[in-house]
Amino acid sequence: MSTKPTAYTPHPMEKRVLLRDHLGVDFTQLENYLSHGGFKMWQKAMELGRDGVLAEVKASGLRGRGGAGFPTGMKWSFLPKDERPRYLVVNADEGEPGTFKDRYFLELDPFRQLEGILIAAYTINAHVSYIYIRGEYWKSKAVTEDAIAQLYKAGWLGKNIQGSGFDLDVYMQTGAGAYICGEETALIESIEGKPGMPRLKPPFPANIGVFGMPTIVNNTETLAAVPVILEMGGETWANLGTPKNGGTKLVGVAGHVKTPGLFEVPMGASMRDVIFNLGGGITDDREILAIIPGGSSCPFLTKDEIDVAMDFDGLKPVGSMLGTACITVMAEGLTDLLTVMQRVTAFYQHESCGQCTPCRQGTGWLKAIADKMDEGLGEDEHIDLLISACNQIEGNTICAHGEAAAWPIRSIAKKFRPQLEAAIRQRATAHGYVAKPLAAHPAA
Amino acid sequence: MSEPVAFSAATNTKIAELLGRYPRKQGALIPTLYLAQDEFGWLKPEVMQLVADKLELPLASVLATAMFYTMLYKKPVGRFHVQICTNVSCYLLGSDELMAIAQQALGLAPGESTPDGLFTLEAVQCLCACDRAPTLQINKDDYFKVTPAKFKELLAQLKTDGVKLGPPVGWLADQHHAHA
Ligand SMILES: Cc1cc2nc3c(=O)[nH]c(=O)nc-3n(C[C@H](O)[C@H](O)[C@H](O)COP(=O)(O)O)c2cc1C
Ligand code: SF4
Ligand code: FES
């Protein structure tokens with residue numbers, strides 16, 4: 001008789017301290033979370049005290065998992081030492097195209113993040129925390145709301161948590177379909193009930209954040225790592241990764257691969273191994289055409305640029321970044337790069353909040369040029385026009401949405417010029433422009 | 001003249017609870033707009049005014065926020081809101097074919113609704129389940145690894161369900177209203 005497997009066996013290159021291997025255990029139920037060691041780290045946090053927890057988080061080298069990799073311990077210590085109320089804001093607005101990591105915690109293991117929230121709020125002495133969940137994540141919202149209710153009922157939220165004397169209220173807030181609200185100051189505006197338009201920095205949220213008060217904004221995965229760090233000790237966590245890049249990282253592989261999915265590896269794992277060992281290799285054993293390393297805001301990579309370490313510094317040599325560490329693989333023969341470029345330009349144009357001219361107009365230009373190429377009216381010089389538009393967006397905007405829009409397109413224009421030139425000709429032919437000279441350069 | 005609108009007692013209770021979560025009333029605006037939308041189907045002008053009165057905010061603030069967010073509906077949405085992800089990973093795995101199937105089966109272009117109020121079709125951005133592409137969402141339900149065959153079946157099922165359920169409440173009046 002065969003028995004049902006109770007555990008998943010990860011690939012040897014995985015190192016799972018955040019992802020669970022248990023099958024059939026429902027971790028959305030508090031009793032199951034508790035019976036598997038949940039909330040033990042709250043006790044430890046009480047023993048360590050605020051300074052003790054902060055020291056462990058600093059020693060861990062944990063860097064923000066929202067994409068920018070800012071050291072978490074350092075961020076927490078930037079709060080001004082004054083009497084104003086503080087807020088902890090959780091960025092669960094996962095929306096970066098290609099990304100699917102925070103969804104895991106939000107749907108399947110919500111208490112992991114909530115335990116992190118309790119410990120972080122205690123450490124920074126915040127008594128209110130807002131979890132901002134992407135509007136389209138209906139299941140995540142339902143699970144999180146239910147998890148919060150379970151915690152209140154069991155005395156893990158509210159006044160005098162577990163007799164500690166510490167009070168914390170956690171509220172779920174939901175986005176409403178605007179990607180830009182993932183940017184922390186837009187997210188703050190959105191919690192305040194306003195359009196999600198990013199604020200100029202400084203002042204930074206640590207000083208003037210939500211409702212004008214000192215605010216720490218952290219990503220879901222960042223907070224989910226906090227209890228694990230306390231459990232193993234900051235130094236042990238740090239040693240799992242590479243220097244300056246402590247711990248493990250959730251990584252995703254999607255697109256043209258044989259076994260797409262979400263995995264967990266030590267920081268610094270080889271991108272090639274992640275794609276081939278965890279992602280199972282390329283569909284039909286084809287050649288790689290292009291790779292997006294961590295969400296579509298990252299510059300694209302060629303097939304020769306994937307021998308890099310997946311950490312916040314490892315992608316600098318190839319001019320890209322780790323981003324959200326969820327990889328999109330595009331195979332030769334199955335991918336039309338011009339269509340990909342169109343989808344990317346359309347996304348950033350649609351999601352620009354519109355308050356800076358270079359971003360609002362520039363993303364419009366990028367989209368218009370890509371569309372023109374698709375309509376068969378492209379010329380090779382339009383590729384240079386793309387690069388020029390990207391250069392004029394970069395560095396000239398309030399928030400990093402400008403760069404997020406410009407970097408991937410510039411990388412396509414520079415690294416994949418032959419493919420774009422071929423696509424321009426293919427589209428012209430397809431639209432019946434063969435015999436005619438190509439349309440004139442659009443008026444600037 | 002449009003008919004007067006009022007929140008149900010249950011919604012009023014929820015709004016009162018929401019207001020306790022924020023130091024300023026405007027904090028409750030987006031959650032309240034969601035509640036209003038659940039109750040009235042979409043945010044018609046008199047509903048915006050109702051929310052403004054309820055939260056003691058200028059109508060302009062309510063409008064500015066409502067206009068910014070795509071999931072706050074400024075026009076009526078059909079019984080089944082079919083939202084197909086057309087971003088990169090889903091494109092790579094066949095979302096264009098799904099979109100063509102939906103357009104054909106429903107007779108709609110993205111952004112349009114059927115006159116009977118049963119379907120609204122939309123192309124949406126990455127739903128962040130790319131490892132299970134192609135993806136789509138119908139109302140609040142996710143559909144992952146959608147094949148053309150499964151999608152055709154699903155649409156046929158929804159058409160049958162739609163006949164039983166009918167359009168959302170007030171669809172005809174709202175249609176007229178929206179174009180007035
Ligand atoms: C356009 C844009 C979109 C962003 N989207 C997200 C997001 O969806 N989730 C997230 O955690 N951070 C996002 N960020 C980064 C946040 O601004 C912020 O750095 C992060 O939430 C900080 O948390 P961490 O230090 O834990 O990483 C985005 C930034 C930009 C510029
Ligand atoms: S860069 Fe773009 S998204 Fe960011 S504030 Fe400016 S216009 Fe808005
Ligand atoms: S591209 Fe469709 S879910 Fe990400």
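Keep in mind that this is a model prediction, so the values were computed, not measured.
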Minimal non-hydrogen separation, A:E136 against B:Q137, with atom names
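Minimum heavy-atom separation between A:E136 and B:Q137: O-NE2, 2.8 Å.
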Review point. Does the B:T65 side chain pair with the main chain of A:G193, one donor and one acceptor, at a distance under 3.5 Å?
Key: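 Side chain of B:T65 to backbone of A:G193, a donor-acceptor pair under 3.5 Å: yes, one is there.
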A:T99 side chain to B:C128 backbone, donor-acceptor under 3.5 Å
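Looks like no, no N/O pair under 3.5 Å.
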Where on [X] is there a heavy atom nearer than 4.5 Å to chain B: the side chain, the backbone, both, or neither?
X: A:V257; value: neither
X: A:K141; value: side chain
X: A:S296; value: neither
X: A:T259; value: neither
X: A:D336; value: both
X: A:Q342; value: neither
X: A:Y104; value: neither
X: A:V329; value: backbone
X: A:Y130; value: side chain
X: A:M172; value: backbone

Mark yes when over 12 heavy atoms from residues, nucleotides or ligands other than [X] sit less than 6.0 Å from its [atom1]; otherwise mark no.
X: A:K194; atom1: NZ; value: yes
X: B:Q104; atom1: CD; value: no
X: B:K145; atom1: NZ; value: no

Query - Residue pairs fulfilling ring-ring contact (aromatic ring centres under 6.0 Å, His included) with at least one residue in residues 91-144 of chain B, sequence neighbours excluded - result: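 Listed by first then second residue: B:F80-B:F119.
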Using non-hydrogen atoms and a 4.5 Å limit, figure out which bit of B:T86 sits close to chain A: side chain, backbone, both or neither.
->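 For B:T86, the contact with chain A is made by backbone and side chain together.
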Point to revise | B:S95 portion near chain A, given a 4.5 angstrom heavy-atom threshold | key: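 Side chain only.
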For residues 18-25 of chain B, give me every residue with a non-hydrogen atom less than 4.5 Å from any non-hydrogen atom of chain A.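 The stretch touches chain A at B:G20, B:R21, B:Y22, B:P23, B:R24.
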Student check: side-chain heavy atoms of [X] and [Y] closer than 4.5 Å:
X: B:L93; Y: A:H256; result: yes
X: B:Y69; Y: A:C181; result: yes
X: B:V88; Y: A:V344; result: yes
X: B:T70; Y: A:H350; result: yes
X: B:Q125; Y: A:P97; result: no
X: A:S190; Y: B:I30; result: yes
X: A:M197; Y: B:F68; result: yes

If you count heavy-atom pairs within less than 4.5 Å of chain B, which of [options] leads?
options: A:C353, A:P260, A:P195; result: A:P195
options: A:A176, A:A254, A:G177; result: A:A176
options: A:C326, A:G279, A:G98; result: A:G98
options: A:G295, A:A346, A:G175; result: A:G175

At what distance, to the nearest 0.5 angstrom, does [atom1] of [X] lie from [atom2] of [Y]?
X: A:M330; Y: B:L92; atom1: CE; atom2: CG; answer: 6.5 Å
X: A:F347; Y: B:C126; atom1: CZ; atom2: SG; answer: 7.5 Å
X: A:F100; Y: B:L127; atom1: CZ; atom2: CG; answer: 13.5 Å
X: A:R103; Y: B:R132; atom1: CZ; atom2: CZ; answer: 6.0 Å
X: A:I191; Y: B:L29; atom1: CD1; atom2: CG; answer: 13.5 Å

For chain A, the option from B:A129, B:S89, B:A133 that forms the most heavy-atom pairs under 4.5 Å:
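Heavy-atom pairs under 4.5 Å are most numerous for B:A129.
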Exercise. With a 4.5 Å cut-off on heavy-atom pairs, point out which of B:D131, B:T32, B:L72 contacts chain A the most.
Key: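 Looking at each of B:D131, B:T32, B:L72 in turn, B:D131 comes out on top.
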query = For A:F300, what residues pass the ring pair (Phe, Tyr, Trp, His ring centres under 6.0 Å) criterion, not counting sequence neighbours?
reply =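 In terms of ring pair (Phe, Tyr, Trp, His ring centres under 6.0 Å), with neighbours along the sequence ignored, A:F300 is linked to no residue.
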How would you list, by chain and number, every residue that makes a ring pair (Phe, Tyr, Trp, His ring centres under 6.0 Å) with A:Y348, sequence neighbours excluded?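 A:Y348 satisfies ring pair (Phe, Tyr, Trp, His ring centres under 6.0 Å) with A:H401 once adjacent residues are dropped.
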